[in-house]
Amino acid sequence: MKTSSARSLVVLPVVTDDGIFTAHYSENGLAALDFPKMRRAGRDRLLASPSAVGSKIPAPIRGWHRLTEAVLKKALAGRVPKKLPPLDWSGKTDFQQSVWREMLKIPCGETRSYGQLAENIGKPAAVRAVGGACGANPVPVLVPCHRVLAAGGRLGGFSGGLNWKRRLLAREGIVL
DNA sequence: GTCACCTTAGAAG
DNA sequence: CTTCTAAGGTGAC
């Protein structure tokens, strides 16, 4: 089943040592987080974008964004985020949300396989669908899709680019 | 309707 | 080892 989707109200940059992420907020919370598009060239353009600076930003969103910045930097350093901003998963299916909720339970520094995740949500046959849900995760890094590996400790795939997956795992001290 | 996807256990060469 | 098969959920076309 698909819940009704909320419009994305505000788009804000999050500057980190790994590049500039882009956070999308709805009235209900953080709706999406994008990996940096470019390593160098896009910075100025992104920072200068009108939606990112200048206009009035609703107070709740300012608070969520402060949290997102802190939590993202902490996560990129391989540490455990204490608490997350509210995540707006409206518009996503129940199946996807259950997969993402399950991923949030994976402790920092540990991994699960797609198969284990499928079992934990009570759909042991939906292994490939779990892979699909991981790829559809709108909030990578914070919802740790990178901690999901293929069976036998193999890396598996990653829509954001396998080097990101390797890097995130390495930051948490996970070796393959 | 058809296809491509962050999968996987099993069977066969 | 490699290659093939079949099975789920979902969005793009």
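Proteins come first, then strands; the chains are lettered A, B, ... in the order of their sequence lines, and each starts at number 1.
Between the P atom of B:dT7 and the CE atom of A:Met103 lies a distance of 13 Å, rounded to the nearest Å. If you measure from atom CG of A:Leu176 to atom P of B:dC6, you get 18 Å, rounded to the nearest angstrom. Distance CD (A:Gln97) to P (C:dT10): 11 Å, rounded to an integer number of Å. Rounded to whole Å, atom C1' of B:dT7 lies 16 Å from atom CZ of A:Phe158. Going from atom CG of A:Asn163 over to atom P of B:dC6 covers 14 Å, rounded to whole Å. Between A:Leu169 atom CG and B:dC6 atom P the separation is 16 Å, expressed in whole Å. Rounding to whole angstrom units, CD of residue A:Gln96 and P of B:dC5 are separated by 18 Å. Between A:Leu155 atom CG and B:dT7 atom P there is a gap of 10 Å when expressed in whole angstrom units.
The side chain of A:Lys2 lies closest to C:dG11 when the candidates are C:dG11, B:dC6, C:dG8. Nearest to the side chain of A:Ala126, among C:dA7, B:dC6, C:dG9, sits C:dG9.
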Using a 4.0 Å cut-off on protein heavy atoms (strictly under), produce a 5'-to-3' string for nucleotides 8-13 of chain B with B for base contact, S for backbone-only sugar-phosphate contact, and - for none. SS----
Could you go through nucleotides 1-4 of chain C and list every protein N or O atom that sits under 3.5 Å from one of its N or O atoms, giving the distance for each pair?
none

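Among all heavy-atom pairs drawn from A:Gly135 and A:Ser159, the shortest one is O-OG, 3.7 Å.
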Determine which bases of DNA chain B form Watson-Crick or G-U wobble pairs with both distances under 3.5 Å, and write the result as a 5' to 3' dot-bracket string with | for other-strand partners. |||||.|||||||
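OP1 and OP2 of B:dC6 both lie 4.0 Å or more from every side-chain N or O belonging to A:Lys165. Considering only side-chain N and O atoms, A:Ser159 lies nowhere under 4.0 angstrom from the phosphate OP1 or OP2 of B:dC6.
Each salt bridge (charged side-chain N to carboxylate O under 4.0 Å, His left out) pair with one or both residues in residues 150-165 of chain A, not counting sequence neighbours, would appear here, but there are none. Within the structure, every pair that satisfies the salt bridge (charged side-chain N to carboxylate O under 4.0 Å, His left out) test and touches residues 110-119 of chain A, not counting sequence neighbours, is listed here: A:Glu110-A:Arg112.
Residues of residues 129-139 of chain A that place a heavy atom closer than 4.0 Å to DNA chain C, in numerical order, are A:Ala129.
Side chains of A:His24 and A:Asp88: no donor on one and acceptor on the other come within 3.5 Å.
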